[in-house]
Each structure stands twice: as structure tokens, then as C-alpha cells.
2 protein chains.
Amino acid sequence: MISGISLKELAAELNLAPSTVSRALNDSYEISEATKKKVISMAEKLNYHANPFARSLRENKSKTIAVIIPERINSFFAQVMDGIEEIAQEHGYHLLVYNTHEDTERERKIVNLLLNGRADAIVMSVTSQTSDISHLRKLHDRGLPIIFFDRIRAEIPTTKFITNDYESAYEGTKHLIKQGCKRIALFTLCKDLSISQERQRGYNDAIKSEGWELDPGLTLYCSHNEEINVKLIEEFLQSPDRPDGILSSVEKLAFATYHAVKRTKLRIPSDLKLISFSNSSIAGLLNPSLSTITQPALSIGNECAELLIKKLTKPLHYDLIDQVVTIPSKITIRESTLGE
Amino acid sequence: MISGISLKELAAELNLAPSTVSRALNDSYEISEATKKKVISMAEKLNYHANPFARSLRENKSKTIAVIIPERINSFFAQVMDGIEEIAQEHGYHLLVYNTHEDTERERKIVNLLLNGRADAIVMSVTSQTSDISHLRKLHDRGLPIIFFDRIRAEIPTTKFITNDYESAYEGTKHLIKQGCKRIALFTLCKDLSISQERQRGYNDAIKSEGWELDPGLTLYCSHNEEINVKLIEEFLQSPDRPDGILSSVEKLAFATYHAVKRTKLRIPSDLKLISFSNSSIAGLLNPSLSTITQPALSIGNECAELLIKKLTKPLHYDLIDQVVTIPSKITIRESTLGE
DNA sequence: TTGTAAGCGTTATCAA
DNA sequence: TTGATAACGCTTACAA
């Protein structure tokens, strides 16, 4: 760290007590306008900048929010981050960012790092692998304000922001049915994630609403490895009971599907229709363009930050009550689900 | 911030002096193994975590690096961030992240925020609009270690990491020529950015190497607004002296070109060939798939962080000398530049 | 090998 | 309206 001039030195230069200067800079009512002016102009002249660590130590707060996400190269998480940063910047908060790379061990380490108060609060979306949540519980038990979004853990009693996963998946599946699909598959990452479960429920209920049987073989669990996924999907598409419609619960599985389809003789949408959860701006560029369920990423980020900052600045008036706030997604129909 | 137990309290619990406990926890050679063991186990038992601000204040360093990027929803910057974080985590450094949204005023504010020593160093890529660099100079003059990548400013005497922009643009243009293009356009963001200038030079030299005239009308300066760009490109493609080949110096302009082409009767690659700087994993998914010049984003991030951390931890042995380090890009030929 | 004490740069309490 | 002083939690001379 670079040391500039200190408050004490500034005070000496002004022939004032450090406490007076401190109060003047913090615009205290106890200080005369004349003194304030003098102090401020001298502070500017000498390029004074308050040491944030001394202040944090003294005030017991860091003006910093930690954000933990499972991956960075993902338009949804990137947009949420932008949403959080927008509000944080407005209120003078800084953002400490951590990428877990979908690795629970890494998530645990990062969370433990935050146990020392480096951040005033945490906004996070858990790893798809996370099953043991003792590290999250510890954080919450210590009283550190924490908010979850998208990949939430219901067990931690705090506010969570998600989209209407059930309804979106239901609508998406219904749309595929309306477009003539008879065997609809669900592509997902894992069974454990709450959002995966909700999306699965929405898909299930849409299938059942037609009086159809649920076929467990139509749910494909994918990995985090692009290549493996493409292979997996390709095999699935080559199999005798291949689907004629796919609801992809994750953007990258939709991309993997495009890749896989290229290796087969199938064509989208004639042989296979596809709709996916995705916030990617290039959905419309794919060939054929991809029908999407777009999550309100920016709003989710905004809401997380707003609530958190309210809680931090007015702890008596706001609380992170144990509730799930839902902001609806938007379905955009494009060529990939065009009917015959 | 949440207050846990302090060093003093931990020491009291152990019937030891705070200094002894501090040394034990920091694995000092002065402390006996027996004491160390006792201290560490008690620290764990009582869930002790050193207050980072007290330490920062005392040691005059924050173990934090600030990263400033012009946009987050961009695969290149996201990958660089991942590269920086990888090394930073290894060395126990935290990352403070700021997105300028290509806005110079925002960049200036953020940079001024960092004047107080909140971060030990800065890694940044400037806004494409930045012309006045007094804020950057001030940072550097104060002695804050700063490294630039990609969007660099040569005026600040420090280490910069870039890719071989000139050669890549030259090779890309040459490739278009070899594939039969006669009128090649360059799509770029602005004239001021050093990388834009280098790419322009590469393009220019490739054109001239054929003995062709340089046509200034073939360089298209785009904005940051997607819609405007699509419109601009569409008009360009509809004009009588439309190009038959395009070198796009920015990923998003390639996407905009796909959009624009959709609105015309032109076809890629038969009527128009396209190659672009891009780190997007979906380049191969576009139809036709996009030939790309892929920057070594992860390596750039790694190198930035490694050098910076060396400089921070061993200031006597390493320095951020005024030089530009070049890591080469990789050209991947796909369908968008297929010859007849 | 351990303890004492000072100090990092702030802000808050109390006194003037 | 301003000043003196203590305290936040840590590390490091220096002393024992």
C-alpha cells in the first residue's frame, strides 16, 4: 500500500487538532463553516485520502460486499454482477469477487476466508455440487448478512432472489408440446440444486398435464465439461428413443446441443425443437436462432444489492427475512421451436 | 462487520501475551513448537480470525488487487479475470473488481477511489474513450503498482501485456486475401486505442503488401450500441461498394455483422468472408461458424497477476519496467472464411 | 522463548 | 466550536 499524508499531518499543517480535522472532513455539525472550508481545501491541496483500513478498524465496517459466483463466463452471472455493482457504486460500496468454478472445496475455502470480516456482507450463488452447507451456516451464524440468488439454499434463513423457475419450465415445456413435440427431454446439471428441482417440477407437471407418462430416461444429467456433454448429448440424439424436443435448463447445454446436432443428421427445428434458459445476447444469432427463457439478471443483481445495503446502513429498519423473492423470466420464441 | 474474538482475548484465554500469540500464529521461529500447537488449537477452538484491517493498517498492505475492465459481458475480459484470480487465490490475494462500462468519467472516479490504498496494486484495461490520462498518471506517480493489459496506455511507464495485434491483424487480412477477397473492410471501435491502431496497421500493411490502394472508406468505426452498429453495418453491406471480406477487431462487431447479414441477401462466406478477434466459445456454433483470432486471455491474466505479486512480495527483486510483453494470438479458420 | 509497550490512522468521548 | 485522549486489533522493537 502507498502511504500518502495522514490525518495527523494534515492537522499539523492546519494548526488544528486531528479530531477537528476529522470532524470537518466528515461534515460534522460541530464544526464552523470557515474551518470546514479551510480543512477541505488544504486536504485537496495536499492530496489527502483517508486510510480505509484505519477507518474500517475503528468503525468496524468495510464498505465492501463479497460476491461469490460459480462461473464467470456465463451471461447470467455477468449480468447479475453488473446489477450488483451498479447499486454498490451508487452507495460507495466496493465489490470483492470470487469465482468458485463450480468447485465445492473452493467455495468452502472462499467462504472461510470471509469469516474475518473482510466484507460487510455476501451475495452468492452456490456451486451445483454443494451438499454440505456447514460453511454457509457458519457464516450466517456469525451474523454476517448473506443473500442468495438463483442457486439458493433454502436451509439458510435469509432472503433469496430467484426467477419463476417452475412456471418458466412449465411454460417452456408446454410451448414445445404446442409446437408438436411428443417426446420431450430435460437437460439439466444435477438433482441437488433447488432451481434444478423447480425446473424439473415444472417440466414434469407440463408433461403430466397432457396425460402423458413421465419417462425418467428423458432427463439427461450433464457435467461441467463441454466435450463430455457434447458426446453425451450426441449419443442421446442418436439413440432409437431420441427426443423430438428439449428443454435445456442451462445455457451451455443448449450450446452443447447445437454442437452435438452438427454431428448428426438431425435438423433443428424440424427433427428436434429446443428451448433453453439463457441470457446470452447471441441466442438470436445461432442458426437456427434459439428460443430462450431469459432471467431478469440485472434486476436480480439490483435487488440483492439494494436490500443488502439497506440492511447494512439501516439495520433497525430492514432485515433479511427468510423468504424467497421471485422475479419472473421472459420467454422469447425464435426459430429453434418453430412448428412445421 | 462481524466481530469475533480478538487476539488479546485469545491471548488471555491462553495465559499468554498477545505478542506471543501473534508470533505463534505467524509461525515465528522464536516460538516453541509446544506453544505454537497450543495457540493454534485454541485459536481453532475459539474460532479466531485475524482482523484484516488491523493487519492492513499495521503492515501497510491490503493483500488486495484491484482489477478495472471496460466491460464484463465479454469473453476476453472474463477469461483474463479468471486468469488473474487463479494466481491471486494461490497467493492469498483478494480481487476488487470494477467495470467502467466504457465510460471515462466512471473510470476516473474508480481510479480516484483507489488513491487511498485500498488495493496494493491495479490491473487494468482502459476505456476506449479515454484520452486524458491524468488520473492514471496520478495513480502511477503515487507509486501504486499498476499493470495494463490489452487496452494499454504507452505513456505510463510500466509493464503492459498485449497480444501480437499487428501480426494477427496482418495474418487475418492476408488470410482473407488468400481466400479471394478483393475489397476488405476493417471494423473497429475507435482510433485512439493503441490496440486499434496496431490492428489497423496490420490490416493496412497486408493490403499494401498486395500492391493495393488503401481505401479509408473501408474502415468502419462502430459504437458501443449494438443496434446502431447493426444498422451501420447493414447500410455498409447494402452500399454499392460493399466489402467482400471483413476483419473485425472486436468480437461484438462480428456478432453485429451476423445480425446485419441476416437482413440482407448476402451470404457468408460466398458473398462475404468474415474473420474476427474473439474469445467466444460459441464461434464454432454460429452459422456459418466464425473464423477467429483468439487472444491468450488466460495467460495474459496469469502473467499480470504473477508479475504484480512478485513485485508486491519481493519489491527489491522485481520491477514493473516500462515494457510491452506480447503473447501471441491463435488464428482458427472456420467456415466464415471458406474459399469458393 | 516469552513479555512489554508503542504505533499504524482513524473516530468518539469527554473536557475546555 | 475546538482540543486532548483513548480505543479499534494487530505486529514488532526491545526488554527480560
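Just so you know, these numbers come straight off a predicted model, no measurement behind them.
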Do any side-chain nitrogens or oxygens of [X] fall under 4.0 Å of OP1 or OP2 in [N]?
X	N	value
B:T20	C:dG3	yes
B:S32	C:dT2	yes
B:N51	D:dC8	no
B:R23	C:dT2	no
B:Y48	D:dC10	yes

Next item on the list: I would like to know whether A:E9 and A:S6 meet side-chain hydrogen bond (donor to acceptor under 3.5 Å, both in side chains); could you show each step before the answer?
Entry: CA-CA 5 Å; A:E9 294 168 301; A:S6 79; 3.3 Å; yes

Checklist line | Polar pair under 3.5 Å, donor/acceptor by atom type, side chain B:S19, base C:dT4 | finding: yes

Margin query: Tell me whether the side-chain N or O atoms of A:R58 pair up with the base of D:dA7 as donor and acceptor below 3.5 Å, since no angle test is needed here.
Written below: yes

Check: For the pair made of CD1 in B:I5 and P in D:dG9, what is the distance, rounded to whole Å?
Finding: 11 Å

Check: Over how many whole Å does the gap from B:L7 atom CG to C:dC8 atom P extend?
Finding: 19 Å

Margin query: Nearest to the A:T35 side chain among D:dA4, C:dG3, D:dT1, which nucleotide is it?
Written below: D:dT1

Item checked: A:S41-A:E44 side chain donor-acceptor pair, cut-off 3.5 Å -> no

Checklist line | SB check A:K311 A:E306 (cutoff 4.0 Å) | finding: no

Checklist line | B:F149 and B:F76 aromatic ring geometry - parallel, tilted or perpendicular at 30°/60° bounds | finding: tilted

